[in-house]
Every structure is written in structure tokens, then in C-alpha cells.
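Chain naming here is simple, since letters A, B, ... match the order of the sequence lines and numbering starts at 1 in each.
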There are 2 protein chains.
Amino acid sequence: MAATTPTRGGSSLPDFVTPAIGPVEAGTLARRFSALADPVRIQLLSIVASRGEVCSCDLTRPLAKSQPTISHHTTVLANAGLIVGEKRGRWTWWRLAPEARAEVRRMLGGPGS
Amino acid sequence: MAATTPTRGGSSLPDFVTPAIGPVEAGTLARRFSALADPVRIQLLSIVASRGEVCSCDLTRPLAKSQPTISHHTTVLANAGLIVGEKRGRWTWWRLAPEARAEVRRMLGGPGS
DNA sequence: CGCTTTCATCGACACCTGTGAATGTGTTGG
DNA sequence: CCAACACATTCACAGGTGTCGATGAAAGCG
């Protein structure tokens, strides 16, 4: 027999490996990571994080994207629970979601590399 | 005048906001998050992290995916620098990349929620 | 030497996603 | 009121991505 045989029908372990993370939680995590898997959204989050509060009209120029695109990205980030928007007057002000604030700053400025 | 006017052509700040994260670094981060933006890869990483060393043939059944699909996901994770593969005999053994080990465990088991 | 096993690659398909023009909705200001 | 503005929504399209069957390459086994 080989030195170290992969888990076939071995008796030491069940037929299949029990994942430490189940499919449901994996989907939740993947969906959250998907919200961060876009350069525009990373920069958008970075701007919101650095300025505290930003309206959409202040995002189109630095991100060099059209207004519908910016609106799309803010919606994605909001649905992921990373930012929250408040309509004041005719502007929508975006800031980091309080619950995700620490995590976002860790993701962006943390030991990413 | 409105209470708080968005940064238009204001004189207190430059015409456009300087993002705390530039486009290049944003792309790097986004690419890394893209590798985690899939439920199968999250579970795959979780299995590798919990068992230390796994060969591809031990992944097809718990993940309920075909062999080419597993090969695709391991390639993606390896290209992202999250896992490393070593060919021993006819099996390819996967384990967490040493540089990314702490980060991966934080991503999966950390205060993700 | 064949035969099997393990994995990677290719090709094809369905699906998802980022993008922007056009349009709609609500608000402000004259 | 009506015009201008900020933003969301709709629609359409190009490109990316997950998936698997088929095929190929490399390594062990009899």
C-alpha cells in the first residue's frame, strides 16, 4: 500500500468529510465576498470610509463611472449590509453600516497582503 | 443655501476626491475577494483548513461537484495564493498557503457576522 | 507492456454581472 | 406651476464565470 492513502472507503473516517463550514453558511460568506469582488466597489467603500459620509453625486467623478452604474454599486453594497443610505433633501448620503464598520476597515486597510 | 451641500466645485476640497485606495490596489483586493466569492470554494478552503492536507479526489464527494469543476476551483484558489498544491505520486495534495493561513482562518472562522 | 487511477485541459453551454443610454420618480428652486 | 437636479429603475448588450462531458497526460500497478 502507498505511504499515505487518501480517504477512500477508509474506516477511520466517514465516507465523506464533514465540512467545517456548511453549504448555507458558505453561501452567506460567498455572497458577502461577492460584494467586495469588484474594484469600483472597493474604491467606493474606501471613499465612504475615508470621508465618513458621501452622497452619490460625489462618487461619479472619482470613480469615473456613469450615474446608473454608481447607483447599481451602492445598491449592491447596501444589500450586503456594508453601507447604509439616508435620504436628506434630494441627496442620498452614504456611510458605513455600523455593524460592518470594523470589518470593512479591516478588509480594506488591514493586513490584506 | 442648503444646510450641507455636497462637494461640487467647492474650494475646501479638490475637484475630485482622492480615494484612500487607488485603482491598482483596488483591483488587487477585488481579485482576492473574487476567489472567495463562491460557496464551493469557501467549503473547499474550509475542508483544506480543517484537515490540513487534502487531495483532490477527497473533495469531489463532499462538495458534490464533478472532477473538472473541482480542478477548476483548486486552480482559482491556487492562483489567488490561498492554497498550494504538491504532487506526490499520483495525487495532488492541497494545503493552505503559509502566507495566507492566518488571513484565511480569519476570513472563514473570524467575526464574519 | 497494457490497464487503471488521478488530475488537468478543452469545448460548450447556461447563467450571472458590470456597464451605460433612456426613462421614471421625487425634490428643490425660481 | 415649471424647470433643473439627484437618484432609482428599466432595458439591452458584452464579457466573465460555474458547470460538466469528453479528451489528454502522467503516474502507479499487475
Are side-chain heavy atoms of B/Arg95 and B/Arg51 found at a separation under 4.5 Å?
-> no

Polar atoms only, N or O, under 3.5 Å: list the protein pairs with nucleotides 8-12 of chain C and their distances.
| from | atom 1 | to | atom 2 | distance (Å) |
| --- | --- | --- | --- | --- |
| C/dA8 | OP2 | B/Ser71 | OG | 2.6 |
| C/dA8 | O5' | B/Ser71 | OG | 3.4 |
| C/dA8 | N7 | B/Gln67 | NE2 | 2.7 |
| C/dA8 | N6 | B/Gln67 | OE1 | 3.1 |

What integer distance in Å separates B/Phe33:CZ from D/dG16:P?
-> 22 Å

Rounded distance in Å - CZ (A/Arg61) to C1' (D/dC7) | 16 Å

Hits for side chain to side chain contact (heavy atoms under 4.5 Å, CB included) against A/Thr69, two or more places apart or cross-chain, chain-then-number order -> A/Lys65, A/Ser66, A/His73

In whole angstroms, the gap separating C1' of C/dG18 from CD of A/Gln43 amounts to 15 Å

Do the side-chain N and O atoms of B/Trp91 and B/Ser56 include a donor-acceptor pair separated by under 3.5 angstrom?
-> no

Which listed nucleotide (D/dC5, D/dA27, D/dT19) is nearest to the side chain of A/Arg90?
-> D/dC5

Side-chain ion pair, B/Arg106 and A/Glu103, N-O less than 4.0 Å = no

Value in whole Å for how far the P atom of D/dA27 lies from CH2 of B/Trp93 | 17 Å

Residue that, paired with B/Ile70, satisfies side-chain contact (heavy atoms from CB on, under 4.5 Å) out of B/Leu63, B/Thr75, B/Asp58 | B/Leu63

Close side-chain approach of B/Leu45 and B/Leu96, heavy atoms under 4.5 Å | yes

Nearest to the side chain of B/His73, which nucleotide is it out of C/dG20, D/dT19, C/dT5?
-> D/dT19

Picking from D/dC5, C/dG20, C/dG18, which would you name as closest to the side chain of A/Lys65?
-> C/dG20

Do A/Arg88 and A/Glu86 pass the salt bridge (Lys or Arg N to Asp or Glu O under 4.0 Å) test, and can you show the C-alpha distance, the side-chain angles, and the key distance before you say yes or no?
-> CA-CA 6 Å; A/Arg88 278 207 299 267; A/Glu86 178 193 358; 3.1 Å; yes

Please give, in whole Å, the distance from C/dG18 P to A/Asp38 CG?
-> 5 Å

Rounding to a whole Å, what distance do you find between A/Trp91:CH2 and C/dT25:P?
-> 23 Å

Distance check: side-chain N/O of A/Arg88 vs OP1/OP2 of D/dA6, anything under 4.0 Å?
-> no

Protein-nucleotide distance (B/Leu63, atom CG; D/dG18, atom C1'), rounded to Å | 14 Å

